[in-house]
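These notes concern the structure reproduced below.
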Amino acid sequence: MSNTKKATNPIADEGFSLEYAGEVYEFTRDDLDDLELLQLIMAGNPFSAVQYLLGDDWAERYEKSVRTDKGKVPASRTMEFVKMFDEPLGNFARSLLS
C-alpha cells in the first residue's frame with residue numbers, strides 16, 4: 001500500500017497558462033512544485049507568490065507589457081494580474097493537501 005496521493009486537479013498535474021496584456025505566461029507542474037512558493041501561497045501572500053513564480057525574467061516581461069508612457073507600472077493592473085493567479089495557485093496548494 002502506497003502513501004502517495006494522486007492529485008485530481010489537472011492544474012496540479014499539467015500546470016497552467018494565463019494571458020495578460022498580450023503576453024502568455026505558462027507554468028508546468030515542476031514550476032509550481034517549490035516549497036518557497038507553497039509557503040508564500042499558504043501564508044496568504046499572493047503578490048509575493050506570483051513575483052516569486054515569475055522570477056526576474058518574467059517580471060521584467062510583465063512590467064514592460066503594462067508600463068505606461070510615463071514609465072510607471074500601474075498597481076491596479078498589477079493587482080488584476082496577481083488575482084488571475086489566485087485560482088490556479090490555490091488549486092495547486094489544495095491538491096497537495098488532498
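Residues Phe27 and Phe92 are not in side-chain contact: their nearest non-hydrogen atoms beyond the backbone lie 4.5 Å or more apart.
Scanning for side-chain hydrogen bond (donor to acceptor under 3.5 Å, both in side chains) contacts around Asp86 gives an empty result, with sequence neighbours left out. Annotation: side-chain hydrogen bond (donor to acceptor under 3.5 Å, both in side chains) contacts of Tyr25 (sequence neighbours excluded): none. Looking at residues two or more places apart in sequence or on another chain, you find a side chain to side chain contact (heavy atoms under 4.5 Å, CB included) between Ser76 and Pro74.
In this structure, Glu60 CD and Asp57 CG are separated by 6.0 Å, a value rounded to the nearest 0.5 Å. Atom OH in Tyr62 sits 9.5 Å away from atom CG in Leu54 (nearest 0.5 Å). Atom CZ of Arg94 is separated from atom CG of Leu89 by 10.0 Å, given to the nearest 0.5 angstrom.
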Please tabulate, one pair per line, all N/O donor-acceptor pairs under 3.5 Å involving side-chain atoms of residues 32-51, not counting sequence neighbours.
from: Asp34; atom 1: OD1; to: Glu36; atom 2: N; distance (Å): 2.9
from: Asp34; atom 1: OD1; to: Leu37; atom 2: N; distance (Å): 3.1
from: Asp34; atom 1: OD1; to: Tyr52; atom 2: OH; distance (Å): 3.0
from: Asp34; atom 1: OD2; to: Tyr52; atom 2: OH; distance (Å): 3.1

Side-chain donor-acceptor pairs of residues 16-24 under 3.5 Å, sequence neighbours excluded:
from: Tyr20; atom 1: OH; to: Arg77; atom 2: O; distance (Å): 3.2
from: Tyr20; atom 1: OH; to: Arg77; atom 2: NE; distance (Å): 3.2
from: Tyr20; atom 1: OH; to: Glu80; atom 2: OE1; distance (Å): 2.5
from: Glu23; atom 1: OE1; to: Arg61; atom 2: NE; distance (Å): 3.1
from: Glu23; atom 1: OE1; to: Arg61; atom 2: NH1; distance (Å): 3.4

